There are 2 protein chains.
Amino acid sequence: MNRSTDALALGRLNVPKAGDVLADQLRRRICSGELREGQGLPTERELVEQTSLSRMSVREALRILEAEGLIVTRPGRNGGSQVRRPTGDALIRHLELFIWGRHASLDDLHDVREALEALAAEGAARRRTEADVKELAEKTAALEAAVDDVDAYLAANLDWHKAVARASHNELLVGFMNVLTRVIHDATASEAFDSSQVRASTVRVHRDILAAIVDRDADAARRRMARDVAAARRVALNWDHAHRDRAPQSAPEPPRARPAAETAHHYRSADKADATRNARGTRKRT
Amino acid sequence: MNRSTDALALGRLNVPKAGDVLADQLRRRICSGELREGQGLPTERELVEQTSLSRMSVREALRILEAEGLIVTRPGRNGGSQVRRPTGDALIRHLELFIWGRHASLDDLHDVREALEALAAEGAARRRTEADVKELAEKTAALEAAVDDVDAYLAANLDWHKAVARASHNELLVGFMNVLTRVIHDATASEAFDSSQVRASTVRVHRDILAAIVDRDADAARRRMARDVAAARRVALNWDHAHRDRAPQSAPEPPRARPAAETAHHYRSADKADATRNARGTRKRT
DNA sequence: TCAACAATATTATCAGACCAAATAGAGCGC
DNA sequence: GCGCTCTATTTGGTCTGATAATATTGTTGA
């Protein structure tokens, strides 16, 4: 055939759209510090004038930045777009999608979670503040108090692990752990923890971990946390293997390899920090 | 004042826009498996008809999903939107923005990476196949061969680490490591590894790790990998501290703390799989 | 003084058109 | 028949202009 079939093979040539390039430019200006947090960005109509693009393309650019968490934009008179530092929320959303896209098996998820939980415990032992200790003590007490109610116990447990991650003062770790614990939690039948003996034992281990964090004993914290998480994994997977035949809840047949991790893990309104998805849009026209 | 100033304080009430709710709905349908990879999604005009929204809102929804990596959309006759599993690219972008926003987190990033690399080495030692060993041996040899060229060495190094993750047969881990190594690589000045002594030592360690993986000695693999990555982190950060005063390339004063992570981490055409951002848009009107 | 109301700035949305790109298929020459 | 080109059609990409919703600000009257 004609030449250049092998050399210079530039596949699929991604043509950027108008909104994309504007978003790129604005993003660069924001990240370079030229536009600071707080009030920034011209109004849409000013941008239209400056760029000589259409309103639509300008809005697309703003929408992209908004999805990235770089700006928030409000309607109304002193409205417009303000520059923001991205919080973890957007990152978490994308992490969740990423995990979904990988069809990771529950085993894989647990492996990664174990590694990160251990890291969190270690970091917490190293960098905890007094306030962290206070919070962790409270969460531990709450966990003990909830030991008789399976669902309350699971929620408290989730909460406790998140608090440990926070105490490590590693924001990235907090984000990863939030997502992982949530996905695993959603994919795990709560009946697996229906044994009060299991729960009591976990509470004991958690108290030991807390002690290690208080003592700033990073090594003990890591070891104990690793054991705790591994135990939880065994409990969950054992139950899962024993009851594998339960009815799939809604999707008729997730035909991928490992159905356990596939079914239920998207958009649960489980715990805190889920306010973004609440407001029901009751403002469509007739 | 009037009542409800304290109780029922729902602040800032996030009003979702039309495009958002459509995007949510489509996302749910995609993630539930109702829409599968490959051809999917109706055309824009069909969606307009079905939802009785305007073309603009429909396009906003599609643009959101596209930014999330869930769909790709191509113009032209058999064009339209295809469902895709998100690759790491979108996640990489958001991770970079995130660590830009929390300016202290290059350290955090390294912490997480250390934990995951160790896990990868351990998993590789446990679950490697003969093919994995063969590939790892090749990559190790390539690394040795590239020891004299800094850039080639760094690329080979990246490649080697990815191969280890693959050998662990944990899809999630592979994805995470791809993302993390890429972000760290982009944020790290290659000059930091300008010492051939450092490189030679790293090669030696890598050979030891490979030996441990071949022997299925998970513990040794984990330990050695942890040491290797920690050493690399020290090298990078030391260089960073020593050269903190170099001129920032364009922005007059990035007022945040760590300029190293600020300058060069967006849109690098470093290694493979970066064909998406090349095409220069030369199609604006007169 | 202050509460209701009008003016206004700004985003959100709609509507309809036209442009550009990619493919399918007809037509044509060999 | 085979392959090329050219045209028609489908589809996303963009523009224009107008209207609605929303939030702030100023004003006015009790």
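Here is the naming used below: chain letters follow the sequence lines, and residue numbers restart at 1 for every chain. All of these numbers come straight from a predicted model, not from anything done at the bench.
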Nearest heavy-atom contact between V83(B) and E37(B) is O-CG, 3.5 Å
Whole-Å gap separating P (dC15(D)) and CD (E49(A)) | 15 Å
Between P of dA12(C) and CD1 of I64(B), the distance in whole Å | 12 Å
What is the minimum heavy-atom distance between R55(A) and V48(A), and which atoms define it?
-> CA-CG2, 3.6 Å
Over how many whole Å does the gap from R63(A) atom CZ to dT13(C) atom C1' extend?
-> 11 Å
V179(B) and its side-chain contact (heavy atoms from CB on, under 4.5 Å) partner, picked from I184(B), L91(B), V174(B) | L91(B)
Measure the distance from CG on L62(B) to P on dT14(D) and round it to the nearest whole Å.
-> 14 Å
Short side-chain N/O contact to dC15(D) OP1/OP2 from S57(A), under 4.0 Å = yes
Starting from P on dC14(C), measure out to CZ on R59(A) and report it in whole angstrom.
-> 11 Å
Set of residues satisfying salt bridge (charged side-chain N to carboxylate O under 4.0 Å, His left out) with respect to R45(B), sequence neighbours excluded | none
Closest to side chain of L53(B), choosing from dC14(C), dT14(D), dT13(C) | dC14(C)
Would you mind telling me which residue lines up with the more 5' stretch of DNA chain C, M56(A) or T73(A), judged by nearest nucleotide?
-> T73(A)
Gap between atoms CD1 and P, on I71(B) and dG12(D) respectively (whole Å) = 10 Å
Looking only at non-hydrogen atoms, find the nearest pair between L173(A) and A120(A) and report the distance.
-> CD2-CA, 3.6 Å
Separation of L158(B) CG from M177(B) CE (nearest 0.5 Å) | 9.0 Å
Reading 5' to 3' through nucleotides 4-10 of chain C, protein heavy-atom contacts under 4.0 Å coded B for base, S for sugar-phosphate only, - for none = ---BBBB
Round to the nearest Å and state the distance from L22(B) atom CG to dC14(C) atom C1'.
-> 15 Å
To the nearest angstrom, the CD-P distance between Q82(A) and dA23(D) comes to 14 Å
By salt bridge (charged side-chain N to carboxylate O under 4.0 Å, His left out) - contacts of R63(B) (at least two apart) | D20(A), E60(A), E66(B)
